[in-house]
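A short write-up of the structure that comes next.
What's counted below: heavy atoms across the whole structure, side chains too, no hydrogens, waters or symmetry copies. Computed from a predicted structure; not experimentally measured.
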Amino acid sequence: MRPVDRLQERGAALLTVLLLVAVIAVLAGTALEKLRLSTKIGGNAVALDQARAYAGAAEILAVTKVSDLLARDPTRVTLAGGWSDKPYPLPIPGGIATARVSDGGNCFNLNSLVVETGPGTYAAFSPARRQFARLIRLVGAPTSSPDGIAGATSDWLDSDSSPVEQGVEDSGYTGYRPANTLMVDPSELRAVSGVTAAVYAKLRPWICTLPRAEPSKINVNTLLPEQAALFAMLLPDTLSVEGARQLLLRRPPQGYASTSEFWKLPALSAVTAAPDAVAQTSVTTTWFALRVDVRLGDADLEDRGLIDATRLPARLATRQWGEPS
C-alpha cells in the first residue's frame, strides 16, 4: 500500500473517532440536562407540596380571624379595626405565607340568575337578570347588548332548553353547549355568548359565584365607595353611581345597626326602593373572600377561597390554587 493511502486511512479513522466523541458528548450533555431538569422538577414538586401545606395553615388562621370577628358582634360587620384586606403574615421555614380576607358578598352572584326548583334543577330568575343587565350598564362594559349578555348567562345556568328574552340556548353555540348548572368560578362567564375578553375584564371585579342560587347580600357597612355601582344596581333609575358613592362616603365609622336605620337616611328619602332591593341589603356578612400568598424559596403559590360564615365556627367552602396574579 502506498504511503498516501495509509495517511488517508489514518485521517478517516481520526475523523470517525472525533465524530464518536462529539456524539457521545451530545448524548452526555442531553442526559445531564434531563437529569438537571428532573432534579429541579422533583425539587419544585416538593416545594409546591410544602407551600400547599403552609397555605393550609394560613387558611386556618384566616378562618379563625373571621370566626372571631363575627363572635364579637354577630349582628353587625363593619370595617372597624381595619380587618378587610389586612395582611396576616405567617412566618414559615424558608419563606412566608400571608392571608387576607375581605367581604365576599359585596358582588353580583352570577348564580342568582336562576332559582333552584328541585335537586340540581334550575329555572331562570327574571329580577336578577334585569339587575345584571343594569350592572353591566352602570360599570360601562363595552357591549351594545347588556340585556343579551344577561339573558345568555341566565340560559347558561337554567336547566331548560327554551331561551329567555334575548337569551341564547344550545343553537347559539358551536362546539359546546351551555352547562345548565351553577357556575363554580366567575371565569366561566367567558364562555357565554356575547362575553368578549374586554367585557369580562370590565365585569370581573363586580361578579362572583357563590355556591347558592340566590342573590348576594350587599353589606352597607362594608361596601367600599368604589363599589357604589353594586348598590346603585338595586335601585333602577332612582340613584346614580355617584349618589351611591357619596352615601357610602358619609357612612358613620361604626356603621349602621340595622338595614332599617340605613334606609331611613335623609339621602334616601326621595328613593323608591322595591322590597327585593331592601331584602338584598344587610349589615352583616356571611361570605368572606380569602387570598393566601405563599413564598417558599423560589416557589410562589396563590390560594384563593371562599369562607362560609353562615354559621359559626366559619369554614372554608371553596379553594382554588394558582400562580400569583
Side-chain angles (χ1 to χ4, degrees), residues 41 44-71 77 83-114 116 120 122 156-157 179 181-191 200-201 203-217 219 222 284-325:
I41 290 172
N44 287 344
V46 172
L48 187 59
D49 287 341
Q50 290 178 334
R52 287 183 173 178
Y54 292 134
E59 288 174 353
I60 295 173
L61 172 64
V63 171
T64 301
K65 293 289 185 181
V66 167
S67 295
D68 292 344
L69 174 68
L70 293 174
V77 174
W83 60 269
S84 181
D85 207 34
K86 176 182 178 180
Y88 295 101
L90 179 66
I92 58 178
I96 190 169
T98 305
R100 289 179 170 84
V101 293
S102 58
D103 195 310
N106 288 339
C107 54
F108 178 83
N109 180 21
L110 293 173
N111 290 327
S112 69
L113 288 163
V114 292
E116 189 167 14
Y122 303 97
W156 183 273
L157 297 164
T181 190
L182 300 185
M183 292 183 179
V184 177
D185 187 82
S187 61
E188 294 179 50
L189 181 66
R190 186 66 182 84
Y200 178 74
L203 292 178
R204 181 61 188 90
W206 308 95
I207 59 176
C208 59
T209 49
L210 302 181
R212 295 185 180 179
E214 59 187 35
S216 59
K217 292 289 187 75
N219 185 346
T222 61
T284 189
T285 296
T286 54
W287 298 99
F288 290 82
L290 167 67
R291 173 173 173 170
V292 176
D293 295 294
V294 181
R295 165 62 68 88
L296 183 61
D298 294 331
D300 292 320
L301 180 69
E302 182 181 286
D303 172 10
R304 289 185 178 271
L306 187 65
I307 298 174
D308 180 0
T310 53
R311 63 181 185 275
L312 295 181
R315 63 185 180 86
L316 188 68
T318 64
R319 174 198 293 122
Q320 288 185 329
W321 302 107
E323 297 179 354
S325 57

Distance in Å, D300 CG paired with D293 CG, rounded so as to fall on 0.5 Å steps: 8.5 Å
Looking at side-chain heavy atoms only, is the closest gap between C208 and L306 below 4.5 Å? no
CZ (R212) and CG (N111) are apart, to the nearest 0.5 Å, by 12.0 Å
Heavy-atom side-chain proximity of L70 to F288 below 4.5 angstrom: yes
Sequence neighbours excluded, which residues qualify as side-chain contact (heavy atoms from CB on, under 4.5 Å) partners of P87? T98, R100
State, with a plain yes or no, whether a side-chain heavy atom of R304 is found less than 4.5 Å away from one of D185. no
Do I92 and V294 make a side-chain contact, defined as non-hydrogen atoms from C-beta onward lying under 4.5 Å apart? yes
Could you check if a side-chain atom of L301 sits within less than 4.5 angstrom of a side-chain atom of L296, using non-hydrogen atoms only? no
With no hydrogens and no angle check, is any side-chain donor or acceptor of D103 less than 3.5 Å from a backbone partner on N219? no
Any side-chain heavy-atom pair of K65 and Y88 under 4.5 Å: yes
What are the two closest heavy atoms between S102 and S84, and how far apart are they? CB-OG, 3.8 Å
Looking only at heavy atoms, the pair that brings A97 and Y54 closest together is CB-O, 4.4 Å
Heavy atoms only: give me the nearest L290-A62 pair and the separation to one decimal. CD1-CB, 3.4 Å
Report yes if some heavy atom in the side chain of V63 is under 4.5 Å from a heavy atom in the side chain of R315; otherwise report no. no
Mind listing the closest non-hydrogen atom pair of T209 and V184 along with its distance? OG1-O, 3.0 Å
Within the distance-only criterion (no hydrogens, no angle test), does the side chain of D303 pair as donor or acceptor with the backbone N or O of V292 below 3.5 angstrom? no
Start with the C-alpha distance between V114 and L182, add both sets of side-chain angles, then the distance that settles side chain to side chain contact (heavy atoms under 4.5 Å, CB included), and finish with yes or no. CA-CA 8 Å; V114 292; L182 300 185; 3.8 Å; yes
List in chain and number order the residues that pass side-chain contact (heavy atoms from CB on, under 4.5 Å) with A179, two or more places apart in sequence or in another chain; answer none if no residue qualifies. W156, T181
Taking every non-hydrogen atom, the tightest pair across I96 and P89: CD1-CB, 3.9 Å
Has N109 got a side-chain atom pairing as donor or acceptor with E214's backbone, closer than 3.5 angstrom? yes
Between the side chain of R204 and the main-chain N/O of I207, is any donor-acceptor distance below 3.5 Å? yes
The criterion is ring pair (Phe, Tyr, Trp, His ring centres under 6.0 Å); which residues satisfy it with W206, sequence neighbours excluded? none
When every non-hydrogen atom of L210 is compared with those of G104, the smallest separation belongs to CD2-O, 3.8 Å
